[in-house]
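Reviewing the structure listed below.
A, B, ... follow the sequence lines: proteins, then strands. Residue 1 opens every chain. Note that the structure is predicted; figures quoted are calculated from it, not measured.
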Amino acid sequence: MAKQVSPGVLALRKVVDDVHKEAREAKARGELVGWSSSKFPCELAAAFDLNVMYPENQAAGIAANRYGEMMCQAAEDLGYDNDICGYARISLAYAAGVRVSRKYDPETGEYIIDPSTGKPLKDADGNVIIDEATGKPKKDPKTQTPYLQLDNIHDIEALPDGPEKERRWEAISPIRQMRIPQPDFVLCCNNICNCMTKWYENIARMCNIPLIMVDIPYNNDVHVADENVKYVRAQFDQAIKQLEELTGKKFDEKKFEHACANANRTAKAWLKVCDYLQYKPAPYSGFDLFNHMADVVTARARVETAEAFELLAKDLEEAVQKGETTTPFPEKYRVMFEGIPCWPKLPALFKPLKANGVNVTAVVYAPAFGFVYDGLDEMARAYYKAPNSVCIEQGVDWREGICRDNKVDGVLVHYNRSCKPWSGYMAEMQRRFTEDLGVPCAGFDGDQADPRNFNAAQYETRVQGLVEAMEANKQAKEA
Amino acid sequence: MSINALLDEFKGKAATPKQQLAEYKAQGKKVIGVLPYFAPEELVYAAGMVPMGIWGSNTKTISRAKEYCATFYCTIAQLALEMLLDGTMDGLDGIITPTICDTLRPMSQNYRVSMGDKMKVIFLAHPQNRFEDFGLQFCVDQYNHVKADLEEVCGHKIEDAAIQDAIRVYNKSRAARREFVKLASEHCDVITPTLRSAVLKAFFFMEKPAYTAKLEELNAELKKLPVCDWQGTKVVTSGIICDNPKLLEIFEENHIAIAADDVAHESRAFRVDAPEDEKDPVMALAKQFANQDYDVLLYDPKSSENRRADFVVNMVKESGAQGLVLFMQQFCDPEEMEYPYLKKALNDAGIPHIKLGIDQQMRDFGQASTAIQAFADVLELQK
């Protein structure tokens, strides 16, 4: 999937790197660092200049880096059932101090390379070099990585100061998601799921730290009633008081308004970027949107994020003008990808789509993170509408809206073992998509973080079935 | 009535909800199904209707419900849907669907969609931040919606006096059930695990004043008996539900009695009374919910402490049990999330426990039987 990286994408990558770097530096200076659920109102923490990290986003990154199974297993060893959300398991293992670390030789201090890793070595003409002794392709040593093992920061901390201790710290995987500082407080909003409530309670208990909780109950109505807004608004006020106690600072209204303005600007720019998928062919693959989720989650109240999305929108505008696309195959069919992707299996997800010319031109995250509001009451109303807190009618309306706007030919539904609230009414939604939009749907079993719950063969068969149904639909229309 | 006759009656009622539903309907009564957890049933009673608990089934198999949900959902919720779809619940005039866990959230939509115009599906969302005035007010608002929906079904206004009366009826029933649980431990030679379960389960299907009267009668009879000199062992049970007679029989075979429970379908449902002196009876019900504590489903503001597990450990110690049996309902993440810290507290206190994975479609109890048998030996050593 070699593709050109646009200035907007580079800017977005930098934003996330900066957020992580700043949090690490803040911790080193002895400042507070919090962990927050993805849909806790970040505007509140921003008003106190707090550094906040996002365990869901961290877990997705850990899973995408293929550490999901190790971390999930570590949580299971702590007693957390393998049925619990994979993000929660990864995060709980991390909160308990578990880290994925590179194995090294204690004598030499050198990393021990895992011979099964790495890409084939190629000659100047790009041909794979075969090892004459084995008859197999030689591995490019630059791409080979060490064996991995689990370590625990509490064990490392208990070591006497010295080279061994330093070596163990250094051996922890360098990916930013494995270098997130331990939390001093947690911010939980359960609008996306109730698992979040217990997940954050567990972190608070594990780390003996305060938990600030904003509860947003499930809504059975398309509209958010005033009484619901009042409940959430009152909790915002309570959260502000708790943050004042935590930081010893007064709530800075100006900073809050500034954060809100940035969050609104980011949301608008995000929606604009998402809307470019309406073009036929789309100037990029909707899968790329998943990569930008990190920005929307971790940094939506920062001006740099808004600017980076605006820059990306500009890049996309130019691509559309030139008739270019970063999708690495000709777009034959357009689908909505329903649900969170299987992060550990992104290449496996992409493979049959690419082979069949299926471009993802709609993802539910587009409307889910694109909320625009004015003032605290409207902010409460906006946070009430998270992907898993809305009734089926609202959920269908969001999805059918983007399916129509983005002109999809079919829907690919991820039945995500990690996400009960999301997957729990998808069967009915599938029926409605087919009835209302006349498009075929196919479902497959998977998981957002635990690779053990995904079966590539089943997925490929389902994609094949969807492609055949889309083709039959197309031919019927043409006839 | 004799103890045996009373127990037979409870056993019969616990096993025949469908028949009782038919009887209520034949008497011209309206019946509301109440799903887990924490629904203010008092409002149904105050409306002059019969509330019947819906906690799945130990004899049905999931078939029609597959049209709505994937396999990884708790069988209680799936079998409730199954019974709504297969005609078992056709006599109901409505159901109340709380949404306190991640399975019940989307399932509330499946219940509503699948029932269409067949019956009134009454939605309920509880607040987790339930202690402050704003939490209480939100709970009152939600309960008032439930009340309005129930008024639509019963066809008349639900008066405050009727709710006050319902609160008294329910408090009385809760007190009787709490006393029964205590007596069941003292007389565990008579009240075996299967009978204990049947008595508590019958509450969900019987009319409440009649149930309480019978239970008070049973309690009075039990009090007359000398406290038994139990030679077996005792456990505290914990989990969402453990009402499968076949599973409970294994405890009897191994001379294990139940000293107390931390079970959602049992004691967690009647630990807390509603205040009787509150001017607004709906607020009284909201306060009752706010006072619910030590529950895997509910937010604990003192989450950095291990309060719930400490509470369960104390229950084991105070009840004189030698250990704890956790009935882990498959796919129940609230229970699963709290397990590691429960395990830690039990281990720290030197209390042995086993975790039995269960679901309501379980038909083979061989593995459970082996585990319980082995655990009985461990419990003996604790005596």
Side-chain angles (χ1 to χ4, degrees), chain A residues 75 78-81 83-85 88 92 186 188 190 193-195 197-211 213-215 217-221 225 227-228 230-231 233-235 237-238 388-389 391-393 395 415 417 419-428 431 443 445, chain B residues 66-74 77 97 99-110 112-114 123-130 132-135 137-138 141-142 145 296-301 303-306 328 330-344 357:
Chain A
L78 293 169
Y80 294 98
D81 199 280
D83 172 51
I84 294 170
C85 158
L92 288 164
V186 264
C188 178
N190 60 0
C193 64
N194 206 46
C195 171
T197 313
K198 290 291 149 189
W199 169 1
Y200 277 65
E201 279 189 35
N202 268 271
I203 298 176
R205 211 176 291 152
M206 230 176 234
C207 304
N208 192 22
I209 52 172
L211 162 64
M213 172 80 190
V214 172
D215 168 49
Y218 191 74
N219 192 7
N220 194 39
D221 205 320
E227 67 204 34
N228 299 35
K230 225 170 143 188
Y231 173 52
R233 173 64 210 271
Q235 292 181 80
D237 293 340
Q238 193 188 41
N388 299 331
S389 65
C391 64
I392 191 163
E393 291 77 10
Y415 283 85
R417 270 297 291 265
C419 197
K420 292 189 181 77
W422 196 314
S423 303
Y425 47 21
M426 284 320 306
E428 175 62 17
R431 282 191 282 274
D445 301 315
Chain B
K66 285 180 187 164
E67 299 265 315
Y68 289 89
C69 45
T71 51
F72 49 92
Y73 291 83
C74 96
T97 66
T99 47
I100 202 87
C101 79
D102 282 344
T103 289
L104 292 174
R105 279 188 188 210
M107 286 303 271
S108 70
Q109 307 300 289
N110 291 331
R112 175 164 60 80
V113 166
S114 64
F123 175 85
L124 172 60
H126 280 104
Q128 287 283 15
N129 255 327
R130 58 200 185 280
E132 312 284 342
D133 287 348
F134 56 78
Q137 187 54 50
F138 181 79
D141 293 339
Q142 303 314 303
H145 292 313
V296 296
L297 291 148
L298 301 176
Y299 166 57
D300 181 357
S303 48
S304 58
E305 300 167 27
N306 198 10
M328 183 59 86
Q330 197 187 12
F331 304 125
C332 177
D333 23 74
E335 284 283 345
E336 290 165 355
M337 285 295 264
E338 286 302 309
Y339 175 63
Y341 276 95
L342 175 62
K343 183 179 161 190
K344 183 180 180 299

**Q.** Sub-4.5 Å side-chain heavy-atom contact between R417(A) and F331(B)
**A.** yes
Q.
Check whether N110(B) reaches the backbone of G424(A) with its side chain - one donor and one acceptor, N or O, closer than 3.5 Å.
A. yes
Q | chain B contact via C419(A) - which portion, at a heavy-atom distance below 4.5 Å | A | backbone
Q: Taking side chain to side chain donor-acceptor pair (under 3.5 Å) as the test, write out the residues that go with N228(A), two or more places apart.
A: Y384(A)
Q. Is there a donor-acceptor contact under 3.5 Å from the side chain of R105(B) to the main chain of Y218(A)?
A. no
Q. Does any N or O in the side chain of D102(B) come within less than 3.5 Å of the main-chain N or O of K420(A), such that one atom is a donor and the other an acceptor?
A. no
**Q.** F72(B) side, atom CZ; D445(A) side, atom CG - distance, nearest 0.5 Å
**A.** 7.0 Å
Q.
With a 4.5 angstrom heavy-atom cut-off, is it the side chain or the backbone of L92(A) that approaches chain B, or both, or neither?
A. side chain
Q | Under 3.5 Å: donor-acceptor pair, side chain of R431(A), backbone of E67(B) | A | yes
Q.
I need the residue from M107(B), E305(B), K343(B) with the largest number of non-hydrogen atom pairs under 4.5 Å to chain A.
A. E305(B)
Q: Flag the one option from K66(B), M328(B), E132(B), R130(B) with the top tally of heavy-atom pairs under 4.5 Å to chain A.
A: E132(B)
Q. Which one, C69(B), P334(B), S303(B), leads in non-hydrogen pairs under 4.5 Å with chain A?
A. S303(B)
**Q.** Audit row: H145(B), E227(A), side-chain contact (heavy atoms from CB on, under 4.5 Å) steps and yes/no
**A.** CA-CA 11 Å; H145(B) 292 313; E227(A) 67 204 34; 2.5 Å; yes
Q: Using non-hydrogen atoms and a 4.5 Å limit, figure out which bit of F138(B) sits close to chain A: side chain, backbone, both or neither.
A: side chain
Q) Does some side-chain heavy atom of P127(B) sit less than 4.5 Å from a side-chain heavy atom of D215(A)? A) yes
Q | When I392(A), V186(A), N220(A) are compared by non-hydrogen pairs under 4.5 Å with chain B, the top option | A | N220(A)
Q: Could you tell me which non-hydrogen atom of G79(A) sits nearest to which non-hydrogen atom of Y339(B), and how far apart they are?
A: O-CD2, 3.5 Å
Q. Can you tell me if E336(B) uses its side chain to pair, donor with acceptor, with the backbone of D81(A) under 3.5 Å?
A. no
Q. Among R233(A), K230(A), M426(A), Q235(A), which residue forms the greatest number of heavy-atom pairs with chain B at distances under 4.5 Å?
A. Q235(A)
Q | Greatest number of heavy atom pairs closer than 4.5 Å to chain A - which of D333(B), D141(B), T99(B) | A | D141(B)
Q) Which region of I209(A), side chain (C-beta onward) or backbone (N, CA, C, O), has a non-hydrogen atom less than 4.5 Å from a non-hydrogen atom of chain B, or is it both or neither? A) backbone
Q: Just give me the residue among S423(A), P421(A), A88(A), A427(A) that pairs up with chain B most often, heavy atom to heavy atom, under 4.5 Å.
A: P421(A)
Q) Looking only at atom types and distance, does a side-chain atom of K198(A) sit under 3.5 Å from a main-chain N or O of L298(B), one as donor and one as acceptor? A) yes
Q) With distance as the sole test, does N129(B) use its side chain to make a donor-acceptor pair with the main-chain N or O of M213(A) at under 3.5 Å? A) yes
Q.
Nearest 0.5 angstrom please: L78(A) CG to Y341(B) OH, how far?
A. 8.5 Å
Q. Does the N202(A) side chain pair with the main chain of M337(B), one donor and one acceptor, at a distance under 3.5 Å?
A. yes
Q) Can you check salt bridge (Lys or Arg N to Asp or Glu O under 4.0 Å) on R112(B) and E428(A), steps first, answer last? A) CA-CA 11 Å; R112(B) 175 164 60 80; E428(A) 175 62 17; over 6 Å; no
Q: Quick one: list whatever passes side chain to side chain donor-acceptor pair (under 3.5 Å) with T197(A), sequence neighbours left out.
A: N190(A), N194(A)
Q | Interatomic spacing from OG in S304(B) to CD1 in I203(A) - rounded to 0.5 Å | A | 13.0 Å
Q | Which portion of Y299(B) sits near chain A, non-hydrogen atoms under 4.5 angstrom | A | both
Q: Identify which part of L297(B) has an atom lying under 4.5 Å from any heavy atom of chain A, answering side chain, backbone, both or neither.
A: backbone
